[in-house]
Number of protein chains: 2
Amino acid sequence: MVTIKDVAKVAGVSTATVSRVVHNGGHVGDACRSRVKKVIEELGYRPNMNAQALVKRSTNTLGVVTPKLSMSFFGTLACGVEKAAKDQSYKLIMSNSLYETQSELDAINSLRDHHCDAIILHSEYSDEKTLIDLAEKIPGLVLINRYIPKIANRCVWLDNESAAKQATQYLVDKGHKDFAVVTSIYQNNDPEIRLRGIQDTLAANELQLHKNAVREATANLEGGEQAAKELLATGVKFTALIAYNDLMAIGAIHTLFDAGIRVPEDVSVIGFDNLSIAKACRPKLTTMHYPIEEMAHYAAELAIKLSDTSKAVSNRTHLFLSDIVERDSVSIIQ
Amino acid sequence: MVTIKDVAKVAGVSTATVSRVVHNGGHVGDACRSRVKKVIEELGYRPNMNAQALVKRSTNTLGVVTPKLSMSFFGTLACGVEKAAKDQSYKLIMSNSLYETQSELDAINSLRDHHCDAIILHSEYSDEKTLIDLAEKIPGLVLINRYIPKIANRCVWLDNESAAKQATQYLVDKGHKDFAVVTSIYQNNDPEIRLRGIQDTLAANELQLHKNAVREATANLEGGEQAAKELLATGVKFTALIAYNDLMAIGAIHTLFDAGIRVPEDVSVIGFDNLSIAKACRPKLTTMHYPIEEMAHYAAELAIKLSDTSKAVSNRTHLFLSDIVERDSVSIIQ
DNA sequence: ATGAAAGCGCTAACAT
DNA sequence: ATGTTAGCGCTTTCAT
């Protein structure tokens, strides 16, 4: 391995000078600078970042903890973070938390061991207190998709309520009166918030949600199928179905289809997330866009900003809004 | 930040002793050991990995370079690597290469700067020579999904030919005689290899592929739609369609469907990859399973093994096989 | 069993 | 403009 000393020796200068050249620092003569540059080139010298990190006490490293990278949603999140990292020439360390509390904390600890300056955490499992403590200890910690009032300025999240309201009102405007909801059991309270948004909007339109018209299941394809089956079994009548996410929506559509109910002719369906699968299925899914890549990018920049404790950051929370993406799974009721 | 010195001071021992305790080394008295442990606990001491890496000249870090994490396939790949990393308590650094040569090399270089011991590279762009040079320089470099004979023992790849043959024979066995292929333009030569596999199998069954029956497009949903449109436009007759991947298969199915051609009743379709979307679409896609997570896991272990140059590793290549996953997109021809 | 000390590769004050 | 030097936090011989 070629070190700064090797370069210094060959170039006939001190290591300090080499360091200056490497960092484009001043106080180096032109001739000297170009000579050193040439030697660096020839020897293929690359600074040892561990050594740099050791003395600088900063690693220019950004960590991300998500449940599972193979899920489209988290892959997209990671992508957003990655882009921000690259823009700021930060390195990216990743860790799956696989839905377990301990693993989530393990992941964070390992990132801390590596002296990540900034950490983006998609936590679904840890309780608020743990997170608040963590935020206190780690200046560059940012929570994505979770809102904790006490550390509001560390939270980058989506306005689930408004999203749910938008979806509902959209359906109401299309003439729908009979609603069903396929929701999820989830660690954070997004499902509740969305459900409330739906109910409020319905109430505002003098409509109501039959209690049998809400089914809960795991937030995936099978969950959607299952929930829809239960819905059908109860016999509630509905022309509009709001799903917790795209996967559930698609699962529900399959179940409906198998029962001879067509989407959107007989029942209109709205999903949530706008995963790429939403336009790969038939009918193409009308869904609420979750700008996760954008949010992740923003969160990464925020985390980097926060990690520099010398700079003050305005104390505000970071709330993103969802838009509806109109495709083919919703029809108008005459 | 609490350092080893702090612990030493509080515990009234030398840093050497603390180091021994931290690493469960011998030559430490029981009383002393437990006292040090207690202090470590109390102070919340965590070794600085940068310092460790500096002196040990190894970082226990594994790097991955893939084109784009938001694509399901690469997310799954990353997941496999992550699991292996976690098993061996390696840390994971990721980098998207976003399909550009330079970026691919940038990504690798940045991993090297971080002194990654092991690197998994999904390269689609760099030429063989570059990769061979790289492999020479980096003992722990492993290529995934690419086979380069000169560095065969660094390659973890899939037998595309046998996969293509399996798919074709499967269709032949179902009675199909008229084939069409939707293939892709791609940086490596997987598409060609698969196409050859298809043709060979057809020939072996005294069948042949009409030259208008092969269409090339980008390896995504839109590409599949486009290719299928062209296929239809040429008027070639076919009852079996083999697509380069699941996305193209689904795109093609959409196009066929829009043209009033039903899958699998009128045309049978086989995909490739077995992404999660393959069972989320209707009809559920019969497809060739690409064991990418398993392969990635294996590749990570291999890279770690190789990075330890003191240990000899058997000189062999690492070829994985694909299996067919039977679902609902293929029917029997009487 | 424990400690002292050298040094990993680099940066940043301080000298010159 | 350039060099000298003292660490950053840790491991590892070598003493004791």
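Chain A is the first sequence line, chain B the second, and so forth, proteins listed ahead of strands; every chain is numbered from 1. None of these values were measured; they are calculated from a predicted model.
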Query raised in the report: Can you list every ring pair (Phe, Tyr, Trp, His ring centres under 6.0 Å) pair that touches residues 66-86 of chain A, not counting sequence neighbours?
Result: A:Phe73-A:Tyr290, A:Phe74-A:His122
Report summary line: So the ring pair (Phe, Tyr, Trp, His ring centres under 6.0 Å) pairs with at least one residue in residues 134-156 of chain A (sequence neighbours excluded) are A:Tyr147-A:Trp157
Query raised in the report: Which part of the nucleic acid does A:Gly12 contact within heavy-atom distance under 4.0 Å: base, sugar-phosphate only, or nothing?
Result: sugar-phosphate
Query raised in the report: What pairs of residues pass the salt bridge (charged side-chain N to carboxylate O under 4.0 Å, His left out) test when at least one of them lies in residues 54-71 of chain A, not counting sequence neighbours?
Result: none
Report task. Would you grab the first and last nucleotide of DNA chain C (5' to 3') that comes under 4.0 Å of any non-hydrogen atom in chain B? Result -> C:dA1 to C:dG9
Name the atoms and distances for all side-chain donor-acceptor pairs under 3.5 Å in residues 40-48 of chain B, with sequence neighbours left out.
| unit_1 | atom_1 | unit_2 | atom_2 | d |
| --- | --- | --- | --- | --- |
| B:Arg46 | NH1 | A:Asn109 | O | 3.3 |
| B:Arg46 | NH1 | A:Asp113 | OD1 | 2.7 |
| B:Arg46 | NH1 | A:Asp113 | OD2 | 3.1 |
| B:Asn48 | OD1 | B:Asn50 | N | 2.7 |
| B:Asn48 | OD1 | B:Ala51 | N | 3.1 |

Query raised in the report: So, are A:Asp87 and A:Lys83 salt-bridged, with charged N and O less than 4.0 Å apart?
Result: no
When you compare the protein's N or O atoms with those of nucleotides 9-11 of chain D, which come within less than 3.5 Å of each other, and at what distance?
| unit_1 | atom_1 | unit_2 | atom_2 | d |
| --- | --- | --- | --- | --- |
| D:dC10 | OP1 | B:Tyr45 | OH | 2.6 |
| D:dC10 | OP1 | B:Asn48 | N | 2.9 |
| D:dC10 | OP2 | B:Ile4 | N | 2.3 |
| D:dT11 | OP1 | B:His23 | NE2 | 2.3 |
| D:dT11 | OP1 | B:Gln52 | NE2 | 2.9 |
| D:dT11 | OP2 | B:Ser19 | OG | 2.9 |

Query raised in the report: Which residues pass the side-chain hydrogen bond (donor to acceptor under 3.5 Å, both in side chains) test with A:Asp127, sequence neighbours left out?
Result: A:Thr130
Requested in this report: Please name all residues satisfying side-chain hydrogen bond (donor to acceptor under 3.5 Å, both in side chains) with B:Ser95, sequence neighbours left out, ordered by chain then number.
Outcome: none
Query raised in the report: With sequence neighbours left out, which residue pairs that include part of residues 26-39 of chain B fulfil the side chain to side chain donor-acceptor pair (under 3.5 Å) condition?
Result: none
Report summary line: With sequence neighbours left out, the residues meeting salt bridge (Lys or Arg N to Asp or Glu O under 4.0 Å) with A:Asp308 are A:Lys311
Report task. Grab the CZ-C1' distance between A:Arg33 and D:dG3 for me, whole Å please. Result -> 16 Å
Report task. Taking ring-ring contact (aromatic ring centres under 6.0 Å, His included) as the test, write out the residues that go with B:His318, two or more places apart. Result -> B:Tyr298
Report task. Take the C1' atoms of the five end pairs on each side of the helix from C:dA1-D:dT16 to C:dT16-D:dA1, get both axes, and report the angle to 10 degrees. Result -> 40°
Requested in this report: Report yes if at least one side-chain N or O of A:Ser14 is closer than 4.0 Å to OP1 or OP2 of D:dT4; otherwise report no.
Outcome: no
